Amino acid sequence: MSTAVQPANTALGEPGRYLTFRLDREVYGVPILNVREIIEMQEISPVPRAAPSVRGVVNLRGRVLPVIDPKIRFGLDPVEPSELTVIIVLQPGDSKPFGVLVDEVLEVHRFDADAITDAPAGASDQQDALAAFGKVRDQLVFLLDPTSLGPQ
Amino acid sequence: MSAFASALAELTTLLVSADVAGLVSAARKVRSAVPADNEDLAALADGVVAVLATYGEDIDRELLVAQLENDIAGMSMLAAAGTASTGASAARAAPAEVPRGLPEWVDAAMLSEFLDAQRHGLTEVEEILLEAASAGDSEKLRIARILHTLKGESSTVGFSELEELYHVLEDRLGEVPALTAIVDEALAVKDWVLLAVPALLAGNPAPPGRTELLARLRAEQPVAVKHEAARSTGPEAKTTIPSDPEVLALFGEFHDEAMESLTQADEMLVSIESGVVDAPTVDALFRVFHTIKGLAGFLDLGAIGALAHAAETLLDDARNDLATLTEDRLDLLLRATTMIRNVLEATRAAVASGGEAAKIEGFDVLLDRLVTVRKPKVRDVPRELPPMPVAQDADGDDAAERRAGTTTAKETIKVDLARVDSLVETIGELVIVDAMVMGSADLRSTVSPRTRHQLAQLSKIVRDLQRQGLALRMVPLRGVFQKMSRLVRDLSRRSGKPIRLDLAGQDAEMDRSLAERLGDPLVHMMRNAVDHGVESVEARRKAGKPETATLRLSAYHEGGNIIIELSDDGKGLDRDAILRKATERGLVMEGASLTDREVYELIFAPGFSTAVQVTELSGRGVGMDVVKRTVDELRGRIQIATEPGRGTTFKLVLPLTLAIIDGMLLVAGSRRYVLPTLAIVESLQPRAEQIHRFAGGAQVLDVRGEQLPLVDLGRLLGIDALSSVDPTRGFVVVVDGLNSRFGLLVDDLIGQQQVVIKHIDATVNHAGLFSGAAILSDGHVGLILNPAALRADEPRIPAARMMPAPTPEAK
């Protein structure tokens with residue numbers, strides 16, 4: 001097959017480029033290599049009896065894409081659609097793509113090694129999702145494991 | 001001047017005259033004047049007499065004269081040389097007319113070409129052989145090639161005598177370590193052929209000496225030795241596939257082709273067994289094994305090659321004498337096709353895993369029997385066997401016709417399945433976008449009539465494209481059906497019940513992936529029919545039925561679906577036995593009253609069997625469960641019709657393709673859902689008096705006296721639906737959920753629509769309520785309801801006729 005110029009996956013919490021976004025007032029980041037695209041907020045068809053964090057499915061150019069609300073997963077109030085709300089389409093590794101609903105997309109930022117610290121054990125109830133802490137201009141960024149955001 | 005020379009001179013002078021009678025008598029004189037020891041010359045003279053004897057008015061005179069001149073020249077040369085067999089110009093009797101007994105496509109021109117080719121080839125063989133002492137392996141190969149060509153040509157013009165001789169010589173050549181070992185035999189063969197060809201061309205019997213030659217050649221290769229040879233190239237010798245990627249790629253093709261031809265071989269063998277034996281069929285069979293042998297040799301698959309060779313040898317006997325194709329041999333040949341299949345599969349697995357092919361049990365025994373069956377037995381132990389089943393094409397085209405059809409096969413190309421799938425998927429997306437564009441409101445209001453017309457045109461082409469795209473994956477059911485005729489034959493044998501299988505609708509097409517999955521359920525249905533449906537011979541006789549039972553397997557299209565029907569003329573389903581067994585097994589409560597339909601559907605329950613005895617064929621109760629599960633997965637349904645004493649019909653109603661279904665668009669709350677139309681029996685607007693609520697909970701719908709459980713879609717999905725509040729304001733769709741019918745209460749019905757099925761993530765759909773999703777014409781996603789899961793989820797009505805699933809309290 002084709003030879004990837006870049007590694008297909010940034011190791012969790014490693015230095016590299018991350019897409020940062022906002023949930024409520026906190027800033028989160030996922031490795032840019034796992035981001036397929038960002039699509040605008042659209043009507044989501046709910047899937048009855050699915051896990052609560054599954055907001056439903058949307059039509060992505062003829063494909064059916066599940067959309068996850070990470071705030072429900074983290075025990076927060078659901079994402080309230082606003083003008084800034086978007087869906088980040090993630091595809092970590094070989095998994096199937098899925099959408100993640102976020103309050104606002106911020107920027108693509110390069111985190112160098114000195115801007116990253118390991119997440120201490122017990123820092124979060126969502127320990128499996130949190131890979132590391134990052135710093136952007138004194139702002140704390142939660143660097144996430146994108147796989148853990150997917151439908152479970 | 002000798003008597004011969006003067007007779008020849010007389011013949012020559014007569015040539016210019018038109019006196020045929022004179023020519024004939026002159027030719028006879030020539031023949032009688034041939035010296036006794038000169039066989040070659042005698043043969044040639046015989047040929048001339050024969051040619052003249054068949055002389056007719058329509059023969060080109062000039063051509064005849066030219067040929068006779070040629071022959072006379074040959075004869076005078078032979079006479080002058082006075083030798084018997086060394087002249088390469090010995091045979092010169094080009095025929096003026098095709099002798100009787102040859103295939104009809106053989107004409108004079110072909111025969112003369114044949115004659116030249118034989119003469120030429122043999123001369124070459126002779127030259128090589130005479131230098132055999134210095135010849136190496138490459139020379140051996142050259143001879144083998146020439147002999148093979150000569151054999152093939154002989155077969156083409158129908159000279160089986162020559163063909164066999166060449167074949168045996170070829171075999172022999174393959175076994176000797178050095179060419180020098182067979183120089184004598186090979187030269188003897190050459191001499192005989194040069195004698196025989198003119199005689200055969202003249203329509204005379206072949207000269208004597210062939211049997212002796214054959215015996216001589218075969219004596220040099222006793223059966224035991226031959227057997228050893230076959231064995232040494234057996235699976236032990238070649239279990240691994242060469243790792244050469246080119247060869248590996250070839251193996252894939254070989255595998256597919258071989259599988260296909262083996263299926264055809266099975267069909268032909270079964271048809272021969274039923275008494276339809278003719279030379280073309282045997283020839284076609286021979287070719288199948290011959291081709292497999294050749295390719296196997298090329299790919300170094302010794303085991304397959306050895307089997308194919310043994311099978312081919314049996315068929316070669318049959319080509320000489322159809323009577324040698326005994327039941328025993330046919331059975332062995334059928335076993336051989338199965339064994340080759342097994343070896344092929346094992347090899348493929350080995351190729352995939354890079355390991356060694358597993359040794360197939362029974363391989364050596366079968367190979368052994370294939371070889372030893374040719375040895376005359378001291379005493380044939382007659383076996384009691386049921387009459388053979390016959391697969392008959394109820395469409396009327398007989399086997400020969402179909403074979404003719406395959407030789408003029410349409411041109412095809414092989415395409416990677418993934419490419420076809422991706423094309424079909426892309427077309428599906430195109431269809432969706434097209435529907436979205438066409439349905440867009442602003443488009444309708446703004447564009448000119450001209451643009452609208454063009455858009456309509458575009459839409460039409462998109463539909464055409466969709467149809468053609470789906471057709472790419474369509475395959476006729478013939479392949480699946482043909483396997484069944486072989487299966488029924490085996491089942492008939494094993495069960496001792498004579499059975500005939502009628503096939504109809506083999507050309508009906510369906511999606512390849514569906515057709516592939518049909519194999520298993522059909523096998524189980526066949527087994528079930530043979531084991532449970534068809535009575536024993538005695539029982540049939542008592543019932544006044546023909547002893548040979550008839551199974552009928554047919555396929556046809558009906559309203560966008562494909563119907564596959566299997567009927568037997570057996571005893572029909574035993575309602576009481578099924579009910580008794582179901583009660584015993586706790587599937588039904590004691591004393592429950594079930595409709596016929598409900599009783600019959602019990603046979604699909606896992607582990608259900610009414611068989612008193614578990615036989616080799618069936619009785620473990622797994623079969624029909626597989627049938628039901630597969631049909632469910634394919635979004636189809638099963639209907640059963642049975643009449644005691646008259647037989648049972650299973651009817652599978654299946655969608656043509658897995659990619660697209662006909663769906664009914666339903667509304668519950670503010671959402672639309674798709675229900676496969678296949679599952680829908682009817683829909684109605686319920687009146688208040690039709691709905692009963694048991695103890696304020698589970699609802700029952702009364703439809704023309706039939707009580708159906710009512711599933712409230714809104715409540716099931718946990719959404720607010722109007723119909724949940726007031727059922728009479730909604731609609732009920734009666735769903736055929738196989739185990740039982742039920743009514744599905746919805747808010748509204750929008751209509752039928754073809755939808756492209758998209759997979760949805762299992763993690764999203766963990767309740768299994770949906771079998772997929774579809775993009776609706778406005779671009780929104782509509783979830784496709786899984787009928788089987790809807791009913792299972794609704795709380796059961798207490799005291800229902802079916803027992804509830806075991807609950808913790810029940811334990």
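In the text below, chain A, chain B and the rest are named by the order of the sequence lines, each starting its count at 1. Computed from a predicted model, the values in this text were never measured in an experiment.
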Indicate the atoms forming the closest heavy-atom contact of A/Arg49 with B/Leu716, along with that distance. NH1-O, 2.9 Å
Mind checking the CG-CD1 spacing from A/Leu65 to B/Ile760? Nearest 0.5 Å is all I need. 12.5 Å
Does the side chain of A/Asn59 reach to within under 4.5 Å of the side chain of B/His780, using non-hydrogen atoms? no
Quick one: does any side-chain atom of B/Arg671 pair with a main-chain N or O of A/Val47 as donor and acceptor, under 3.5 Å? no
Can you give me the closest heavy-atom contact between A/Pro48 and B/Leu717, atom names plus distance? CB-O, 3.3 Å
Heavy-atom cut-off 4.5 Å, strictly under: side chain, backbone, both or neither for B/Leu783 against chain A? side chain
Nearest heavy-atom pair of B/Val764 and A/Ala50: which atoms, and what distance? O-CB, 3.1 Å
Using non-hydrogen atoms and a 4.5 Å limit, figure out which bit of A/Ile44 sits close to chain B: side chain, backbone, both or neither. backbone
Would you mind telling me which of A/Val58, A/Ile68, A/Val64, A/Val54 has the largest number of heavy-atom pairs within less than 4.5 Å of chain B? A/Val64
B/Arg729, CZ: over 12 other non-hydrogen atoms inside 6.0 angstrom: no
